[in-house]
Colleague: 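Got a structure for you, written out below as structure tokens; questions coming shortly.
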There are 2 protein chains.
Amino acid sequence: MNLKNTPARSAIYDFLVRSSSPVDAGQIIKFLRSKNLNTNKVTVYRNLDALFKNGLLERVEFGEGKFRYEFKKNHHHHLICTNCGKIEDISGEYLTVIENKIRKENGFIVKSHSLEFYGLCRNCRNN
Amino acid sequence: MNLKNTPARSAIYDFLVRSSSPVDAGQIIKFLRSKNLNTNKVTVYRNLDALFKNGLLERVEFGEGKFRYEFKKNHHHHLICTNCGKIEDISGEYLTVIENKIRKENGFIVKSHSLEFYGLCRNCRNN
DNA sequence: TTGACAAATGCAACTAAGTTGCATATACTT
DNA sequence: AAGTATATGCAACTTAGTTGCATTTGTCAA
């Protein structure tokens, strides 16, 4: 698949690169409107899909019934504060030992995993 | 919250208890129809919600854009085969060490986590 | 530099998953 | 057996995401 460099696509990607935590399609659409780039929502969804399938984006789900996307950086996991909604990254390669165990014990070859932690962030724990 | 014992509710719960892997609302609705329990989808969603909020069910998401539910058993994680869709359980309390580290290093108190592994099951790895 | 052609876009209409308001019915308590 | 909170059904709605199709735009090779 050959990705072309279009205004909509680079606006979406730039926005994701600058975002400090994963964003959903709705937030992207709002952002584009605020910049007077009148981009159709279909274009947004199709671009997220294309960028994701080409390995430029990561797709995550935090139990909200919708996906969030972030640009692909070092492998990491998320700390999601269930009180204020803040999302922190933690760098992580904790699971290699477990994945080897799974391969031995279950005959299952792990290709990827999703790991998110829910709880209270530093601020919210004190309130 | 006081849960009443109604036919719809116990049919849904029984189905989940007997299911070997997490099921979605659609599967439950189909099952109920096949048993000629003509239960409205709203009732299904409301019951899943009530059972979940009362701690009788677990809710999971496997990147499909919808939720799956399973009855609450020992804490475990899932192995999801990306080829045939088979879902296996692995019992797991692997993360306590990591969660303590997070508490120390990030000041974040982990209340729950979600961890799923995607890859190829024993059968599919050989094809 | 100019076609050619694949890839991208916009529009409208659609689907799937889940929710809400409201009137009626049913389970549980006393 | 009555009263009341809880549950249900229906219809209508919302939110997230998808599809078909006609038009436009990037890119690459001549």
Side-chain angles (χ1 to χ4, degrees), chain A residues 1-16 19 21-70 80 85 87 114, chain B residues 1-16 19 21-70 85 114:
Chain A
M1 199 193 279
N2 256 343
L3 288 191
K4 288 183 184 173
N5 181 16
T6 67
R9 181 159 297 159
S10 57
I12 292 167
Y13 187 69
D14 287 359
F15 179 58
L16 286 165
S19 298
S21 52
V23 298
D24 61 57
Q27 292 173 286
I28 294 168
I29 291 164
K30 266 183 210 143
F31 167 76
L32 295 172
R33 288 218 182 103
S34 80
K35 291 276 170 187
N36 291 316
L37 300 162
N38 65 325
T39 306
N40 196 277
K41 68 167 180 165
V42 180
T43 301
V44 172
Y45 280 109
R46 285 200 272 230
N47 272 308
L48 289 172
D49 206 53
L51 294 167
F52 172 60
K53 284 188 178 145
N54 281 270
L56 295 162
L57 297 183
E58 208 88 58
R59 192 171 77 169
V60 292
E61 215 283 343
F62 296 159
E64 302 166 300
K66 69 184 171 194
F67 294 113
R68 287 173 176 267
Y69 296 84
E70 64 187 333
I80 300 131
I87 298 163
S114 76
Chain B
M1 198 193 278
N2 255 340
L3 289 191
K4 287 182 184 176
N5 180 17
T6 68
R9 180 159 296 160
S10 56
I12 292 167
Y13 186 69
D14 288 359
F15 179 59
L16 286 166
S19 298
S21 52
V23 298
D24 60 57
Q27 292 173 287
I28 294 167
I29 292 164
K30 267 183 209 141
F31 168 77
L32 295 172
R33 288 217 182 102
S34 79
K35 291 276 171 186
N36 292 314
L37 301 161
N38 65 325
T39 305
N40 196 276
K41 70 168 181 165
V42 180
T43 301
V44 172
Y45 281 109
R46 284 201 272 231
N47 272 307
L48 289 173
D49 206 53
L51 293 167
F52 172 60
K53 283 187 179 147
N54 279 269
L56 295 162
L57 298 183
E58 207 88 57
R59 192 171 78 167
V60 291
E61 215 283 344
F62 295 159
E64 303 166 300
K66 68 185 171 192
F67 293 114
R68 287 173 176 268
Y69 296 83
E70 65 187 335
S114 76

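Because only heavy atoms are used, hydrogens play no part in the values below, and waters and symmetry mates are left out as well, while side chains stay in. Chain identifiers are assigned alphabetically (A, B, ...) following the order of the sequence lines, protein sequences preceding nucleic acid strands; residue numbering begins at 1 within each chain.
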Colleague: Can you tell me whether the side chain of Arg46(A) and the base of dG17(D) have a donor-acceptor pair closer than 3.5 Å?
Modeller: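 For Arg46(A), whose side chain was compared with the base of dG17(D), there is no donor-acceptor pair (under 3.5 Å).
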Colleague: How many Å lie between CG on Leu48(B) and P on dG18(C), as a whole number?
Modeller: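 Roughly 9 Å, once rounded to whole Å.
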Colleague: Without swapping roles, check the side chain of Asn54(A) against the backbone of Leu56(A) for a donor-acceptor pair under 3.5 Å.
Modeller: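 Absent.
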Colleague: In this structure, how many angstroms lie between the P atom of dT19(D) and the CG atom of Asp49(A), rounded?
Modeller: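 One finds 9 Å between P of dT19(D) and CG of Asp49(A), rounded.
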Colleague: Assign the ring pair Phe31(A) / Phe15(A) to parallel, tilted or perpendicular, where the plane angle (0 to 90°) is split at 30° and 60°.
Modeller: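 Answer is parallel, since the angle falls under 30°.
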Colleague: Which nucleotide wins on minimum distance to the side chain of Asn2(A), given the candidates dT8(D), dA7(C), dT20(C)?
Modeller: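 Given the options dT8(D), dA7(C), dT20(C), the side chain of Asn2(A) is closest to dA7(C).
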Colleague: Keeping the roles fixed (side chain from Arg68(B), backbone from Ser21(B)), state whether a donor-acceptor pair exists under 3.5 Å.
Modeller: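 Not confirmed, Arg68(B) side chain does not pair with Ser21(B) backbone.
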Colleague: From the set dC28(C), dT19(C), dG17(D), return the single nucleotide nearest to any side-chain atom of Tyr45(B).
Modeller: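 The nucleotide sitting nearest to the side chain is dT19(C).
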Colleague: State whether the side chain of Arg9(B) and the backbone N or O of Lys4(B) hold a donor-acceptor pair below 3.5 Å, judged by distance alone.
Modeller: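 Checking the backbone N and O of Lys4(B) against the side chain of Arg9(B), a donor-acceptor pair under 3.5 Å is found.
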Colleague: Quick check for you: among dA12(C), dT9(C), dT8(D), whose closest atom lies nearest to any side-chain atom of Thr6(A)?
Modeller: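 The listed nucleotide nearest to Thr6(A)'s side chain is dT9(C).
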Colleague: The side chain of Asn47(A) is closest to which nucleotide in this list: dC11(C), dG17(D), dT9(C)?
Modeller: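 The answer is dT9(C), which lies nearest to the side chain.
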Colleague: I want to verify a distance call: between dT8(D), dC11(C), dA7(D), whose nearest atom is closest to the Lys4(B) side chain?
Modeller: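 The listed nucleotide nearest to Lys4(B)'s side chain is dA7(D).
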Colleague: If you pin Arg68(B) and Pro7(B) to their nearest nucleotides in DNA chain C, which one's is more 5'?
Modeller: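 That would be Arg68(B).
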Colleague: Can you tell me the distance, in whole Å, between the CG atom of Leu3(B) and the C1' atom of dA5(D)?
Modeller: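 For the pair Leu3(B) CG and dA5(D) C1', the rounded distance is 12 Å.
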Colleague: Name the residue closer to the 5' end of DNA chain D, choosing between Ala8(B) and Lys66(A) according to the nucleotide with the nearest heavy atom.
Modeller: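 That would be Ala8(B).
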Colleague: Identify, between Asn38(A) and Arg59(B), the residue whose nearest nucleotide on DNA chain C lies closer to the 5' end.
Modeller: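 In this pair, the answer is Asn38(A).
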Colleague: Where the side chain of Asn40(B) is defined as all heavy atoms beyond and including C-beta, which of dT9(C), dC10(D), dC28(C) is the nearest nucleotide?
Modeller: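 My answer, after comparing the listed nucleotides, is dC10(D).
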Colleague: Choose from dT18(D), dT27(D), dA8(C) the nucleotide whose nearest atom is closest to any side-chain atom of Lys41(A).
Modeller: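 Minimum distance to the Lys41(A) side chain belongs to dT18(D).
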Colleague: Between dA16(D), dA12(C), dC10(D), which one does the side chain of Val42(A) approach most closely?
Modeller: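 Nearest nucleotide to the side chain: dA12(C).
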Colleague: Nearest whole angstrom, please: distance from the P of dT25(D) to the CZ of Arg9(A).
Modeller: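 Value for this atom pair: 15 Å.
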Colleague: Compare side-chain N and O positions of Thr43(B) against OP1 and OP2 of dG9(D) and report whether any pair is under 4.0 Å apart.
Modeller: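 For dG9(D), OP1/OP2 do have a side-chain N/O of Thr43(B) under 4.0 Å.
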Colleague: If you take all heavy atoms of Pro22(A) and Gln27(A), which pair is closest and at what distance?
Modeller: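 For Pro22(A) and Gln27(A), the tightest heavy-atom pair comes out as O-OE1, 4.4 Å.
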Colleague: Asp24(A) has an atom CG; how far is it from atom C1' of dA17(C), in whole Å?
Modeller: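 My rounded result for the distance is 16 Å.
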Colleague: Please state how far atom OH in Tyr69(A) lies from atom P in dG17(D), giving the value in whole angstrom units.
Modeller: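 It is 6 Å, rounded to the nearest whole Å.
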Colleague: Whole Å only: how far is the CG atom of Leu37(B) from the P atom of dT26(C)?
Modeller: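 Rounded to the whole Å, the gap is 15 Å.
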Colleague: If I take atom CG in residue Leu51(A) and atom P in nucleotide dT9(C), what distance separates them, rounded to the nearest angstrom?
Modeller: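 One finds 10 Å between P of dT9(C) and CG of Leu51(A), rounded.
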Colleague: Ignoring hydrogens and geometry, is there a side-chain-to-backbone donor-acceptor pair from Asp49(B) to Tyr45(B) under 3.5 Å?
Modeller: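 Such a contact is absent between Asp49(B) side chain and Tyr45(B) backbone.
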